[in-house]
Amino acid sequence: MPKLIPDVLKNLFSKPFTLKYPFEKREPPENFRGKPKVDREKCVSCGLCERICPPGAITLDDEEKPVFDLGICIYCAECVDACPVEAIEKTKEYELGVYDRSKAISK
Amino acid sequence: MNSEEVIDVIQDYIDDEEILSEKKVIATTDRERYRDALQTLWDKGIQHITTITATDFGEETEIIYHISCDGTLLDLVVSVPNEDLEISTITDIYPAAILYERELMDLFGIDVLDHPDPRTLVLPDDWPEYKYPLKKGQYDYQAIAEAENVSDVKEIAEDDDFDPELMLEAEKENKDRKSLIEWLETRIGKEEGD
Amino acid sequence: MVLWAEVLTSIVKFLIFPGIVFSFVVGLFFEGIDRKISAHMQHRIGPPIWQPFLDVGKLFTKEDITPSNAEGWLFNFAPYLGFGAIITVMLMLPVYAAQPAFSAAADLIVIIYLLNIPALAIMLAGVSSSSSFGTVGTERYVVQLFAFELPFIIASLTVAAQANWTLSLEGIVAYQQANGWLLWELPLAAAAILLVAPGKLLKTPFDIPEAETEIVYGPLTEYSGPKLAVFNVMENIKILAVAGFITALFLGGPTAHVIAGVQIPAIVDFLIKTIAILILITLIRTVTARLRIHQALKFYWGFVAIIALINLVYVMVI
Amino acid sequence: MSFVVPVGPQHPALEEPEHFRFTVEGEEIVDVDFRLGYMHRGIEKAFEEKSFPRALYLAERICGICSGIHSIACVEAVEELAGVEAPRRARFLRTVLAELERVHSHLLWAGIAAHEIGFMTLFHLTWRDREHVLDVLEMLTGNRVNYAANKIGGVRFDVEPKHLGKISNVLDDLEEDALRYMDVFTSDRTITARCEGEGVLSKGEALRLATVGPTARASGVDEDMRRDDPFAAYGEIDVDVKTAEGGDVLANAEVRLSEILESINILRNAVEQLPEGPLSVDAPKKIPEGQATNRVEAPRGELLYHFKSDGGEKPSRGKVRTPTMANIPAIIEKLKGETIAEIPIVVASIDPCFCCTERVQIVDKNTGKTQTLTKKELREMREE
């Protein structure tokens, strides 16, 4: 007698484990490393984040504020640790698909 | 089997040894005696060869045989001059070394004598002859990086048509590092001209 | 005038009711139910029940490709050969009444052979498609066909023997109307045929010819677009056909009931029984791994054929 | 009459491109030839271009399933070079990370093995239970796979008291599930029919071909880097090495599932004995000259990292030997004499983990010579 029958019947009458994404979304945990976001007022333009970013995804724009190229960023949150004034925070956003590469920017 | 015991086993085949810790030891030997050292190890029942690492230092290539003797890692170092880059195979002693030696042949151009299956392992068939990715001086992307003061190189790198062909073309004129930078400047200059 | 009406009703029967449209719709719904139940058994939501319609629809819009070094005409003809055969089987099954749409004298034997033509079609497809996966798949299907055919015929003969040697389904259904379902009288034969069903329908313990992790899709590897859609529909209708055949043989065929004064047509009873069989096949499919071809052969000829034989001997002797 | 059945580089059974060429008579495999290189990304070359912290992030992306153990091996080799010692709490946290990853990697393998023999339900159930482990990892380190958990001199995540509740619940459920799967794998008739006696590797062969990890332990080789050459905090936690006899696919399943149970015990010990103390010490940017070799026990076996530094910020040589490379000769040994039906499950029994390719490669059917298209040619082909 196949072993899994009790399991399988239990599953049949219990709520499915999977979610109907995108209608039901899953809430990521508290320190989830999502899209990095900078608080432009707090930032003192020291450029530390630009130097520490492993793939080199951060460049300072004309107002000397960091701009994240999400196409290159590996979401490692090194910049969050490196920022002396904690101006950069890791958001919980993980839906970052874009059609136009130039839009994959986080100001 | 700790480091001291490993050294006693291969004592008379090695020049000097350096015991890093209870479980790590480095022993240097030369091309004539490394096979006997491995043979005594195999006779002692140590059959676990982890891998073979090679490093090109410009004039000579250092080949390290990593042997795991019941937990203790022995690095057997053999140096081979770059002029006659050949070493005899150890697959008759350690059959598992067959893949690692093929990798040596692909990436370093070390000519492993009477290797049972000398086909290319990791490189595609149409990889240009005598071009070994991990040898110093060939495919020297650092030269390009150093040439960063040549500002246009960054644009060329971003430009869609930049291709390894440019490097291969540089190879044809078999540039060493210094002249590669000037060559690149002339190449960029020419492109602006036409 | 009468001939004219005769022709018209048979066209309607062929095209609409137990024929193409009915089989197409119910067959695809069967696959939808099968996938939905199997999904819930695996603790996941699974696609909606009408998903097979979307799949088949999508396949029909795709480009029709024939591999260059394949046997062109045989490659294109195979799907329709199988489809035609399975539709005729549907016509010969008692679906909406004890009396099938087209009844012949010994239609039990005819159905047994007609059920093999779709298998033949898949084999022709595999051989003609010039891919090494196709040939290996067909080799396996031939062995599997012989494996499950033996117990299938023995079980059918036991039923015929029990229903005092009538070879027509109508007779068998009438016999069961008289003295109860054959399921209770011939339990071993019923078990045998139920174990043959996954083999016939290429469901998991025995989907060896189409083992996607070993030989991609077996005989149908080179098929895509409309031709693949026809093959899919054929396999779904085959589920309906085999389930209908088993209901006719063991569950007393379609019988009209009167519940609380409401007259329920036989077709509803037929659907309920076939869906019950389908759920059983889905359960078998969900809790077993795929066997190897010689294990399947040993299982069918060793175990299943023996219990069918025991039942046949039992019926013959007593 | 014998003909060649090509399996790979694209094949539904192999999640990653490796290419096997089987010369087959009927269903029986007569000769096996394989081609690597579809996944060669020139990582060792890239190591020489990147500074040590960036090389660490590259090392983490070598394997999609066991990225944590790669970063632990790499960071410990660099720490040995730099003469820096990670604090005790960091070493314990690294052990927690390594064991959590071993559990989810083995559950993933159990699902893939079930898929190979056509048992879809077991595949879905094992991967459902694996989600709980990935949730714990995401809660601790912020991501399901690429954990970015290590830096030279310590770790970047921490197990806070509020996490302990969830961790112990997940471990209890996992223990139950692992026992159940052990029971299913060893006694379900259809699974044993497909797995028993398949792809047998004798102990002598396993030793002769220097196979590593669960594949070797399934043949009775009693070798495990966690006990023989302890890294991270394994010196302070005793590890009971599980071995099995037979060396067939079933023995592989037994070893991996019992290793899940063992990992759960290690995790419980590690979380209980988590010492107080700093998470990391700061490390020099310029790594002094020298060489360092480091070995760890990845879920698939012994993983070796070798780094050389010439005093600068960049490694002068980086060498990685993944466990699958050591087990390839074992596949050849196992496959000889098998039938075609057994290829996927036997190949999967060593749980191969390759990485990805640089260019499109066309294998010319009759000459069998591969010809590589560069980006330009690829585009021209598209315009035709």
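Lettering of chains follows the sequences in order, A, B, ..., and the numbering in each one begins at 1.
In this structure, the side chain of D:Arg317 engages the main chain of B:Ala54 through a donor-acceptor pair within 3.5 Å.
In terms of heavy-atom pairs under 4.5 angstrom with chain D, the leader among B:Ile49, B:Thr51, B:Thr55 is B:Thr55.
Only the side chain of B:Glu62 comes within less than 4.5 Å of a heavy atom in chain D; its backbone stays farther off. With a 4.5 Å cut-off on non-hydrogen atoms, D:Arg208 touches chain B through its backbone and its side chain both. For D:Leu304, the part lying under 4.5 angstrom from a heavy atom of chain B is the side chain only. In this structure, chain D has heavy atoms under 4.5 Å from both the backbone and the side chain of B:Ser68. With a 4.5 angstrom heavy-atom cutoff, B:Tyr94 does not touch chain D via any of its atoms. At a 4.5 Å heavy-atom cutoff, the contact between B:Ile52 and chain D is made by backbone atoms alone.
Note that CG of D:Leu207 and CD1 of B:Ile46 are 12.0 Å apart. Values are rounded to the nearest 0.5 Å.
Counting heavy atoms from C-beta on, the side chains of D:Asp228 and B:Asp70 never come closer than 4.5 Å.
Checked for salt-bridge contact, D:Arg321 and B:Glu103 miss the test: no charged N lies under 4.0 Å from a carboxylate O.
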Margin query: Checking B:Lys23 against D:Arg295 for the side chain to side chain contact (heavy atoms under 4.5 Å, CB included) test, could you report, in this order, the C-alpha distance in whole Å, the side-chain angles of both residues, the deciding distance, and whether it holds?
Written below: CA-CA 11 Å; B:Lys23 300 265 181 180; D:Arg295 271 189 324 170; over 6 Å; no
Next item on the list: Using the side chain to side chain contact (heavy atoms under 4.5 Å, CB included) rule, take B:His48 and D:Val212 through it: C-alpha gap first, then chi angles, then the decisive distance, then the call.
Entry: CA-CA 9 Å; B:His48 184 109; D:Val212 289; 3.4 Å; yes
Note to self: Could you go through D:Asp229 and B:Lys24, starting from their C-alpha distance and side-chain angles, then the distance that decides it, and tell me whether this counts as side chain to side chain contact (heavy atoms under 4.5 Å, CB included)?
What the structure shows: CA-CA 9 Å; D:Asp229 184 358; B:Lys24 278 200 174 53; 4.3 Å; yes
Margin query: As a quick check of understanding, evaluate side chain to side chain contact (heavy atoms under 4.5 Å, CB included) for D:Ile328 and B:Leu99, giving each step before the final call.
Written below: CA-CA 9 Å; D:Ile328 290 180; B:Leu99 289 184; 3.8 Å; yes
